[in-house]
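Here the structure is a predicted model, which is why all the values come from computation and not from measurement.
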Number of protein chains: 2
Amino acid sequence: MTKSNPTLIVIEDDPSIRGFLRTSLTAQHFQVFEAKTGKQGIIEASVRKPDLVILDLGLPDMEGVEVIKAIRSWSALPIIILSARSHEQQKIEALDAGADDYLSKPFSFGELLARIRVGLRHALRSGEALATEVFQTGPLKVDLHHRIVYVNDAEVHLTPIQYRLLCVMIKHAGKVLTQQHILKEVWGPSYQENAHYLRIYMSQLRQKLEHDPSQPKFLLTESGVGYRLKV
Amino acid sequence: MTKSNPTLIVIEDDPSIRGFLRTSLTAQHFQVFEAKTGKQGIIEASVRKPDLVILDLGLPDMEGVEVIKAIRSWSALPIIILSARSHEQQKIEALDAGADDYLSKPFSFGELLARIRVGLRHALRSGEALATEVFQTGPLKVDLHHRIVYVNDAEVHLTPIQYRLLCVMIKHAGKVLTQQHILKEVWGPSYQENAHYLRIYMSQLRQKLEHDPSQPKFLLTESGVGYRLKV
DNA sequence: CAGAATTTTAACGAAATTTTTACAGCGTTT
DNA sequence: AAACGCTGTAAAAATTTCGTTAAAATTCTG
């Protein structure tokens with residue numbers, strides 16, 4: 001799942017091709033695990049939590065289609081087929097069993113890489129729904145992905161500028177921000193004169209977010225300088 | 001949008017291949033629309049709301065890669081490339097531009113069908129159609145498979161746009177969607193100016209779905225930002 | 001082709017938000 | 001103590017955004 005080093009599993013019985021894929025893919029900064037048989041491959045796929053599987057259909061111990069079905073029974077991770085056999089029926093069976101792509105040997109390594117990128121792209125897109133950014137400190141919770149603010153688990157409505165202001169404070173949480181800086185980020189560079197806007201909206205935010213707006217616990221004033229969000 | 005008849009768009013300038021694809025794919029119960037040029041293809045892709053695009057790279061009016069990028073700028077729908085040119089570099093460029101698959105001519109029709117099924121499977125899993133077959137919150141129930149909407153178990157009729165709007169809201173339920181985003185998904189990328197459409201149709205939806213349309217409980221507006229479906 | 005359903009266009013009052021204006025508190029300086 | 005700079009709050013006016021209605025144009029359907 002890490003962006004920098006996707007994990008691949010290569011299920012291939014031919015030692016020379018396996019070696020070639022290992023060295024070439026590792027050179028491309030993939031984390032590569034290997035399996036020589038279908039059974040071993042299924043186990044690896046379940047244990048290693050890979051981002052993508054490369055599967056040779058010509059395995060000695062079981063039919064390639066069975067390997068695909070086994071993996072598909074519990075996961076939707078991308079599977080790319082490599083095969084010496086390039087009969088149409090073979091391809092169709094593999095794709096319908098759940099494979100995402102099919103390359104016939106001899107294949108070009110550049111094309112394989114491109115198709116791996118396609119597979120990873122798909123996985124990224126279908127998994128990103130789970131990645132929810134949430135900022136939390138004390139009773140304040142901000143769901144940045146859904147754009148919803150909670151105080152003590154009760155929803156609080158913020159106007160666009162109020163929300164933008166809060167986001168800027170969260171972005172630089174813990175640091176003291178000058179009024180100039182905040183004005184520029186929230187209202188734009190031409191509003192740097194209007195420092196009183198900031199006081200008005202900061203007051204509004206405190207009314208909505210702080211337990212006692214006159215004794216703020218998060219949105220603190222640094223007199224003469226600006227504001228800071230305590231974490 | 002119905003499960004039985006997926007919609008395809010074929011972007012191909014060669015009349016004989018276009019004709020062949022039309023008759024063959026229609027025989028497979030696909031709804032087929034055609035375009036002879038890249039420009040026309042981009043328009044069709046935005047207007048027809050297809051489930052998948054089949055694109056010939058050798059178009060007369062513009063580079064195939066540009067067509068891919070144009071569609072990718074607003075949609076993630078599956079794109080399968082057909083091409084007479086089968087140079088490795090060409091394939092890699094197309095795949096990295098956002099294409100999901102690449103077939104070199106001459107191609108086998110059975111394989112094309114299998115790869116179309118792969119593309120539709122992906123789309124089904126990660127977007128257009130939702131994970132759940134039935135969405136429910138409070139008195140609102142939407143049977144996405146049969147395209148039927150209920151309020152307090154009474155069937156409610158929605159026009160095509162009303163239904164599509166509701167589906168987009170359901171797809172991103174709980175999240176605040178910008179007007180831009182909704183307009184792009186429901187009307188297409190060229191409608192981003194027409195924010196008033198959204199107000200009209202949102203009003204219509206509320207009239208039909210909410211108990212008290214003036215005090216909505218599900219279809220909430222985030223003034224200055226957009227809308228969100230509360231779950 | 002006619003009638004119905006739907007989408008698009010146009011218009012206007014209502015609501016929400018931003019901006020303006022005004023004033024009070026508080027510590028420091030003169 | 002009055003004056004000053006800086007800050008916080010409240011309420012108004014101005015502006016933007018939103019909701020609703022109705023009629024015109026278009027598309028669908030039999």
Side-chain angles (χ1 to χ4, degrees), chain A residues 147 149 155-167 169 176-180 182-183 185-188 190-228, chain B residues 1-2 31 33 46-49 147 149 156-166 168-169 176-183 185-188 190-228:
Chain A
R147 201 203 174 278
V149 178
E155 235 177 271
V156 174
H157 173 79
L158 297 185
T159 72
I161 290 189
Q162 287 166 6
Y163 184 75
R164 265 213 305 280
L165 175 56
L166 179 58
C167 282
M169 298 306 294
V176 179
L177 296 176
T178 66
Q179 303 189 1
Q180 298 290 310
I182 301 173
L183 281 165
E185 278 211 54
V186 177
W187 277 269
S190 57
Y191 280 73
Q192 303 201 170
E193 318 299 308
N194 309 47
H196 56 287
Y197 285 12
L198 199 45
R199 281 181 230 115
I200 294 168
Y201 278 88
M202 199 58 78
S203 167
Q204 292 174 356
L205 269 186
R206 281 170 180 160
Q207 308 267 344
K208 287 185 175 180
L209 305 180
E210 295 276 0
H211 175 65
D212 180 359
S214 63
Q215 301 264 308
K217 304 201 74 179
F218 316 116
L219 295 167
L220 307 182
T221 301
E222 298 286 336
S223 201
V225 188
Y227 297 88
R228 94 169 199 272
Chain B
M1 187 65 79
T2 46
Q31 171 88 24
F33 293 102
S46 73
V47 170
R48 302 294 186 181
K49 309 288 169 198
R147 199 203 175 284
V149 179
V156 174
H157 171 77
L158 297 185
T159 72
I161 290 190
Q162 287 167 4
Y163 183 74
R164 213 152 60 213
L165 174 57
L166 180 59
V168 169
M169 298 306 295
V176 177
L177 297 177
T178 65
Q179 305 186 3
Q180 300 280 313
H181 184 159
I182 302 173
L183 283 165
E185 280 211 51
V186 177
W187 278 270
S190 56
Y191 281 73
Q192 297 190 191
E193 317 299 308
N194 308 48
H196 55 285
Y197 286 14
L198 201 45
R199 285 185 225 113
I200 293 168
Y201 278 86
M202 199 59 78
S203 168
Q204 293 173 355
L205 270 187
R206 294 209 260 235
Q207 307 266 346
K208 288 184 176 179
L209 305 181
E210 294 275 1
H211 175 64
D212 180 359
S214 64
Q215 301 260 304
K217 304 203 74 181
F218 317 116
L219 295 167
L220 308 182
T221 129
E222 298 283 335
S223 197
V225 186
Y227 296 86
R228 87 174 211 265

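Using a 4.0 Å heavy-atom distance criterion, B:Q179 is classed as a sugar-phosphate-only contact.
Closest of all the heavy-atom pairs between A:L219 and A:M169 is CD2-CG, 4.4 Å. In terms of heavy atoms, A:L183 sits closest to A:A195 at CD1-CA, 3.9 Å. A pairwise comparison of heavy atoms in B:V186 and B:R164 identifies O-NH2, 3.0 Å as the closest pair.
Between B:L158 atom CG and B:L209 atom CG the span is 6.0 Å, to the nearest 0.5 Å.
Sorted by first then second residue, the salt bridge (charged side-chain N to carboxylate O under 4.0 Å, His left out) pairs that include residues 205-218 of chain A, not counting sequence neighbours, number zero.
Put simply, chain B comes within 4.0 Å of DNA chain D, heavy atom to any atom, from D:dT17 to D:dT21, going 5' to 3'.
In this structure, the CG atom of B:L220 is 17 Å from the P atom of C:dA15, given to the nearest Å. The CD1-C1' distance, from B:I161 to C:dT9, rounds to 14 Å in whole Å. To the nearest angstrom, P of C:dA16 lies 13 Å from OH of B:Y227. Across the protein-nucleic acid pair, A:L183 atom CG and C:dT19 atom C1' stand 14 Å apart, rounded to whole Å. A:L198 has its CG atom 14 Å from the P atom of C:dT18, to the nearest Å. We find that OH of B:Y197 is positioned 9 Å from P of C:dA10, with the value rounded to whole Å. Spacing between atom CG of B:L158 and atom C1' of C:dA5 amounts to 14 Å, rounded to whole angstrom units. Taking atom OH on B:Y163 and atom C1' on C:dT6, their separation rounds to 18 Å, with Å as the unit.
Taking side-chain N and O atoms only, A:W187 has a distance below 4.0 Å to OP1 or OP2 of C:dT19. OP1 or OP2 of C:dT6 has at least one side-chain nitrogen or oxygen of B:H157 nearer than 4.0 Å.
For A:E193, there are no salt bridge (charged side-chain N to carboxylate O under 4.0 Å, His left out) partners two or more places apart in sequence or in a different chain. In this structure, B:F33 has no ring-ring contact (aromatic ring centres under 6.0 Å, His included) partners at least two apart in sequence or on a different chain.
Side-chain atoms of B:R228 never come within 3.5 Å of backbone atoms of B:L220 as a donor-acceptor pair (strictly under, hydrogens ignored).
Using a 4.0 Å cutoff on non-hydrogen atoms, the parts of residues 200-210 of chain A near DNA chain D are A:I200, A:S203, A:R206, A:Q207, ordered by number.
For the side chain to side chain contact (heavy atoms under 4.5 Å, CB included) with B:Y227, the qualifying choice from B:L177, B:I182, B:L205 is B:I182, the only one to do so.
With the nearest nucleotide of DNA chain D identified for both B:S214 and A:P213, A:P213 has the one nearer the 5' end. Comparing B:E222 and B:T159 against DNA chain C, the residue whose closest nucleotide sits nearer the 5' end is B:T159.
Relative ring orientation between A:Y201 and A:W187 is described as perpendicular, the plane-to-plane angle rising above 60° on a 0-90° scale split at 30° and 60°.
Crowding of B:H211 atom NE2: a count of heavy atoms from other residues, nucleotides or ligands under 6.0 Å not exceeding 12.
You'll find the side chain of A:N194 reaches within 4.5 Å of the side chain of A:H196, heavy atoms only.
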Polar atom pairs (N or O), protein with nucleotides 25-30 of chain C, under 3.5 Å:
none

